[in-house]
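The basis for the numbers below is simple: all heavy atoms, side chains too, and nothing from hydrogens, waters or symmetry mates. Quick caveat: nothing in here was measured; it's all calculated off a predicted structure.
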Amino acid sequence: MSTLTKPFPLKALFMWLVTLGLPFGIYFIPTSDLFTNQMKIFLIVTVFAILIIAFESLPKSVITILLPVSYILLGLADPQTAWFPWTMPTVWMIIGALLLVNALESSGLLMRISYHVILLVGGSYKGLILGLGAVGILLNIILFGNAYVMLVGLAYGLCHAMNLEKYSKEATGIFLAAAIGGIIPAAFCYGSNILMLEGLGEPVVGAHRISYLSWTFLNIPVIFYYFCALLLILVLFRSQSSVDGKAYVKGKLAELGRMSVTEKKACAWLVVLFAYIITAGFKGWDSTWAFVIVPALTIAPVIGCGTEKDVRRLDFTFILFIASCMSIGIVASALDFGSLVTSVAEPLTDNASPGIVVFAIYGLNIILNFLLTPMAIMAGFTTTYLQIAQTLGINPYVIYSVISLGTDQILFPYEYALYMLYFSLGYIKMSDFIKYFGAKMLLCSVLLIIVIIPFWKLTGLFFG
């Protein structure tokens with residue numbers, strides 16, 4: 001059959017109908033003083049771009065380059081705003097994290113660590129998923145909620161050590177377990193996340209500091225949700241083959257022999273990185289710079305463990321993708337979408353029960369995630385949430401916990417830069433990413449209603 005007469009696949013036809021139909025539907029939404037014409041144009045362009053990315057209808061690099069440019073050409077933002085992510089530490093931290101992974105890999109240390117982890121957890125697929133979950137909690141405790149970079153390198157090393165193909169069920173499962181292991185425990189382990197929320201809440205509730213044990217006890221049901229999310233990976237991404245890398249790994253460790261000088265340098269830089277992060281947690285320093293400076297020094301002559309080749313191996317398509325996606329939140333903030341959402345949400349919470357208000361805050365954060373970064377949501381809405389909660393006598397720490405839960409619920413990688421870091425290494429298909437995080441969102445929503453809020457009420461933690 002010739003190319004001209006070949007039928008257009010129904011799946012592709014459906015994807016393009018959705019991709020074009022949803023933005024076209026937004027065009028007919030009437031504007032107002034709150035929902036301006038600029039907001040409408042922004043939503044049309046952004047939804048179209050998101051759907052192109054989600055359905056993988058065009059190469060990612062096309063959207064990566066054109067999205068911020070379209071904001072400028074359509075008068076939605078000036079160049080300084082559209083390309084502002086390049087001035088933010090987050091982009092450079094992600095570049096540094098990817099460079100660190102490359103340097104550790106070329107030194108050989110990453111593989112050595114990965115081999116020992118495989119042996120420690122038994123080498124099976126189930127053992128790896130649960131083991132990564134346990135390692136995530138441990139590292140987040142040690143690193144004050146900043147374990148995400150370490151887990152990225154570990155996941156990459158494990159997949160590489162076991163010769164797992166990209167997009168395979170096993171590689172997808174390992175990267176998802178590392179992602180939630182690196183990020184979710186930051187919500188219930190005492191660290192930078194709760195310290196930041198306490199600081200944002202001071203204008204409303206005053207200077208309060210919760211103890212380590214009190215914060216952990218409040219989040220016992222969140223810990224239960226975390227392990228349920230790990231088990232969800234085993235359900236959705238069952239291993240298609242027997243994964244037992246112990247024999248293979250033992251042979252590889254024997255081949256590596258004793259640690260080389262380069263590996264010892266890599267180990268020394270990891271110690272420096274750990275030491276700075278731990279000290280930063282106690283001193284209140286910004287740990288971001290460690291993820292920029294240390295990776296750069298790992299490729300320096302004499303003291304480094306990597307080479308210039310590690311820089312050239314960086315996938316700049318994904319780095320550009322990350323920066324362009326972050327511009328969505330920046331431009332949305334500049335167009336004042338926050339005020340629109342607040343004006344719509346406040347009437348809905350009037351005369352509602354405290355439990356419904358808490359769930360509404362959680363749900364609102366999920367919606368805001370499509371337009372704003374988690375940091376922007378926390379910075380822009382924490383005081384509003386606390387003011388609503390204060391009138392109902394709800395414990396502010398319940399609100400802090402719900403904010404963390406809500407901002408963690410996403411469907412697309414662009415919504416959360418840290419999850420995008422895991423996605424950027426190319427081991428997870430977009431469709432699998434959406435499938436898992438959609439299921440995780442449903443899981444969290446159900447558990448919030450039937451487990452988490454009831455636990456807070458039964459223990460007397462809900463009010464106060």
Side-chain angles (χ1 to χ4, degrees), residues 93-121 123 125 127-129 131-136 139-140 143 146-183 230 233 237 239 243 245 248-249 252-253 256 262-263 266-267 269-270 273-274 291 294-295 298-299 305-307 309-319 321-322 413 416-430 432-433 436:
M93 182 199 73
I94 291 173
I95 293 173
L98 295 173
L99 178 58
L100 180 64
V101 168
N102 285 354
L104 293 177
E105 181 189 1
S106 61
S107 72
L109 180 65
L110 183 60
M111 301 309 297
R112 188 182 293 275
I113 293 172
S114 302
Y115 290 148
H116 281 293
V117 170
I118 292 170
L119 292 178
L120 184 65
V121 300
Y125 177 62
L128 287 171
I129 299 300
L132 284 168
V135 169
L139 287 179
N140 271 292
L143 301 176
N146 293 287
Y148 44 89
V149 175
M150 300 302 178
L151 269 294
V152 169
L154 185 55
Y156 178 82
L158 289 172
C159 291
H160 192 53
M162 301 179 74
N163 292 322
L164 297 178
E165 293 183 4
K166 291 185 176 183
Y167 302 154
S168 66
K169 296 288 185 183
E170 296 81 9
T172 299
I174 286 171
F175 260 86
L176 288 173
I180 66 171
I183 296 169
L230 285 171
I233 295 172
F237 302 97
S239 178
V243 177
Y248 170 80
V249 163
K252 285 293 184 181
L253 276 173
L256 285 175
T262 304
E263 285 181 272
C267 192
W269 282 117
L270 279 182
L273 184 60
F274 267 85
F291 295 114
V294 170
T298 60
I299 60 169
C305 59
T307 66
K309 291 181 180 178
D310 297 319
V311 179
R312 290 193 287 270
R313 287 196 297 126
L314 289 173
D315 189 342
F316 280 96
T317 299
F318 279 112
I319 294 169
F321 170 69
I322 289 167
Y416 202 147
L418 301 186
Y419 282 120
M420 193 153 53
L421 174 60
Y422 289 84
F423 179 75
S424 68
L425 285 173
Y427 277 83
I428 310 173
K429 285 193 297 188
M430 179 67 79
D432 286 336
F433 189 97
Y436 174 71

Completion exercise
Separation between CD (E170) and CG (N163), nearest 0.5 Å, reads 12.5 Å

Fill in the blank from the handout: Here the pair of heavy atoms bringing A177 nearest to L132 is CB-CD1, 4.0 Å

Exercise for the section: Working to the nearest 0.5 Å, report the span between CZ of F433 and CE of M420. Expected result: 9.0 Å

Handout entry: Partner of C305 under side chain to side chain contact (heavy atoms under 4.5 Å, CB included), chosen from I299, T298, L270
Key = T298

Exercise for the section: Please work out which of the three classes, parallel, tilted or perpendicular, describes the rings of Y419 and Y416, given edges at 30° and 60°. Expected result: perpendicular

Completion exercise
Distance col, row L99:CG vs L104:CG, nearest 0.5 angstrom, shows 9.5 Å

Problem - G182 to N140 - nearest heavy-atom pair and separation - result: O-ND2, 3.5 Å

Problem - Distance in Å, L230 CG paired with I180 CD1, rounded so as to fall on 0.5 Å steps - result: 4.0 Å

Practice task
Taking the side chain as every heavy atom from C-beta outward, state whether M430 and P413 have any atom pair closer than 4.5 Å.
Solution key: yes

Handout entry: Any donor-acceptor N/O pair, D432 side chain to K169 backbone, under 3.5 Å
Key = no

Handout entry: From OG (S239) to CG (L164), nearest 0.5 Å
Key = 8.5 Å

Handout entry: Nearest heavy atoms of M162 and L128, plus distance in Å
Key = SD-CD1, 3.5 Å

Practice task
Check whether any side-chain N or O of S424 sits under 3.5 Å from a backbone N or O of L421 as a donor-acceptor pair, and report yes or no.
Solution key: yes

Practice task
Quick one: closest heavy-atom pair of I129 and I174, and the distance?
Solution key: CD1-N, 3.8 Å

Exercise for the section: Decide yes or no for I233 and Y125: does some side-chain heavy atom of the first lie under 4.5 Å from some side-chain heavy atom of the second? Expected result: yes

Exercise for the section: Please lay out, stage by stage, how I183 and Y422 fare under the test side chain to side chain contact (heavy atoms under 4.5 Å, CB included). Expected result: CA-CA 11 Å; I183 296 169; Y422 289 84; 4.2 Å; yes

Handout entry: F423 CZ to F175 CZ distance, which is reported to the nearest 0.5 Å
Key = 11.5 Å

Completion exercise
In short, G306 meets A103 closest at the heavy-atom pair CA-CB, 4.3 Å

Problem - Heavy-atom closest contact (S106 atom, R313 atom, distance) - result: CB-NH2, 4.2 Å

